[in-house]
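Here is the structure we will look at.
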Amino acid sequence: MHASVIILVIVYTLFLLYVYIRYNLDEKNKNIDIELYRNKLEISPAEASYLVDKNCNSLNIILADILTLINKNYIKMQIVGEGKDRDYIFTKQQNVQNIHIKSHEMGSFRLFFREREQVSLKEYIKEIKLNNKILQELELKTASIKADIEIELEKQGIIDKTAERKLFKFNSFSIKLIII
């Protein structure tokens, strides 16, 4: 009885070691060098934050896309006030062609402005905190934006769904071994 338990523990440990080495699950390698990716590939800050944490904050993804669009001159930003009274005013640029906008950036753009020409960051955050319906809409639409980001990263070859499926298969197998 004891020998079979010891053999199962050894087999399970060897299996975990194999998966660890084979799929490089070292925690040190999870820290992605964002600047390296940004220099070699055409990824936005929202895509980089998604690579670091798939469950990243919805508002952070939207604001990362907004900052990317500021950099691409689709949006103009003004800083108003100083210290604790500082606010950021975002204004749509007129007559701009959206040829170079990725789908998730356009989704963030529409969600942020919502048919308005100008948005104050303080007012936007206040709207989200006070109106539960807007918060739910933000979370729902951000899920779609995250899916667009994932598709964009797959197109660029940065993430690989087949490797994730293989890893899931091995994880489910290890759970079965624990139960046995």
Side-chain angles (χ1 to χ4, degrees), residues 1-72 100-112 121 124-125 128-129 131-180:
M1 176 74 175
H2 295 292
S4 63
V5 171
I6 291 173
I7 291 172
L8 279 175
V9 168
I10 290 172
V11 168
Y12 180 69
T13 305
L14 289 174
F15 175 74
L16 287 180
L17 183 63
Y18 169 76
V19 171
Y20 179 79
I21 292 169
R22 175 79 168 94
Y23 292 100
N24 200 14
L25 295 178
D26 190 359
E27 286 294 323
K28 294 175 188 172
N29 291 333
K30 284 189 177 180
N31 294 331
I32 296 170
D33 188 2
I34 295 171
E35 285 303 314
L36 175 72
Y37 273 120
R38 298 229 34 227
N39 291 336
K40 286 188 172 183
L41 304 168
E42 293 293 323
I43 68 170
S44 67
E47 292 167 345
S49 67
Y50 181 82
L51 282 172
V52 172
D53 180 16
K54 288 185 180 181
N55 298 319
C56 50
N57 187 332
S58 303
L59 187 59
N60 288 347
I61 283 186
I62 292 170
L63 291 177
D65 278 338
I66 294 301
L67 292 175
T68 302
L69 293 174
I70 289 170
N71 193 33
K72 292 180 178 181
H100 302 291
I101 294 181
K102 296 178 181 179
S103 62
H104 64 86
E105 292 170 347
M106 194 59 173
S108 295
F109 180 81
R110 288 184 185 131
L111 187 59
F112 188 73
L121 184 60
Y124 186 75
I125 293 172
I128 293 170
K129 287 181 179 179
N131 193 338
N132 197 24
K133 184 179 177 184
I134 293 175
L135 179 63
Q136 289 173 347
E137 177 187 3
L138 175 79
E139 291 298 327
L140 183 65
K141 289 189 178 178
T142 306
S144 168
I145 292 170
K146 287 180 183 179
D148 288 344
I149 289 173
E150 190 170 307
I151 290 168
E152 185 67 34
L153 292 172
E154 279 182 55
K155 275 195 252 178
Q156 294 182 30
I158 297 171
I159 59 175
D160 185 11
K161 283 296 191 184
T162 57
E164 286 182 15
R165 283 192 288 271
K166 284 181 183 178
L167 186 59
F168 179 73
K169 183 174 85 174
F170 283 119
N171 284 341
S172 64
F173 183 68
S174 66
I175 290 171
K176 291 174 187 172
L177 276 176
I178 290 172
I179 291 173
I180 289 173

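Residues satisfying the side chain to side chain contact (heavy atoms under 4.5 Å, CB included) test with N131, not counting sequence neighbours, are K133, I134. The side chain to side chain contact (heavy atoms under 4.5 Å, CB included) check on I7 picks up V11, with sequence neighbours excluded. Here K129 pairs with I125 under the side chain to side chain contact (heavy atoms under 4.5 Å, CB included) rule; sequence neighbours left out.
Within the model, atoms CD1 of I61 and CD1 of I149 stand 4.5 Å from one another, a figure rounded to the nearest 0.5 Å. In this structure, D65 CG and T142 OG1 are separated by 10.0 Å, a value rounded to the nearest 0.5 Å. A distance of 4.0 Å separates CG in L138 from CD1 in I62, rounded to the nearest 0.5 Å. To the nearest 0.5 Å, the span separating CD1 on I145 from CZ on R110 amounts to 10.0 Å. Between Y50 atom OH and K146 atom NZ the span is 8.0 Å, to the nearest 0.5 Å. Rounded to the nearest 0.5 angstrom, L69 CG and I101 CD1 are separated by 5.0 Å.
Using a 4.5 Å heavy-atom cutoff, the side chains of I10 and T13 are not in contact. By the 4.5 Å heavy-atom criterion applied to side chains, L67 and P45 are not counted as neighbours.
Between Y124 and F112 the shortest heavy-atom distance is CE1-O, 3.6 Å.
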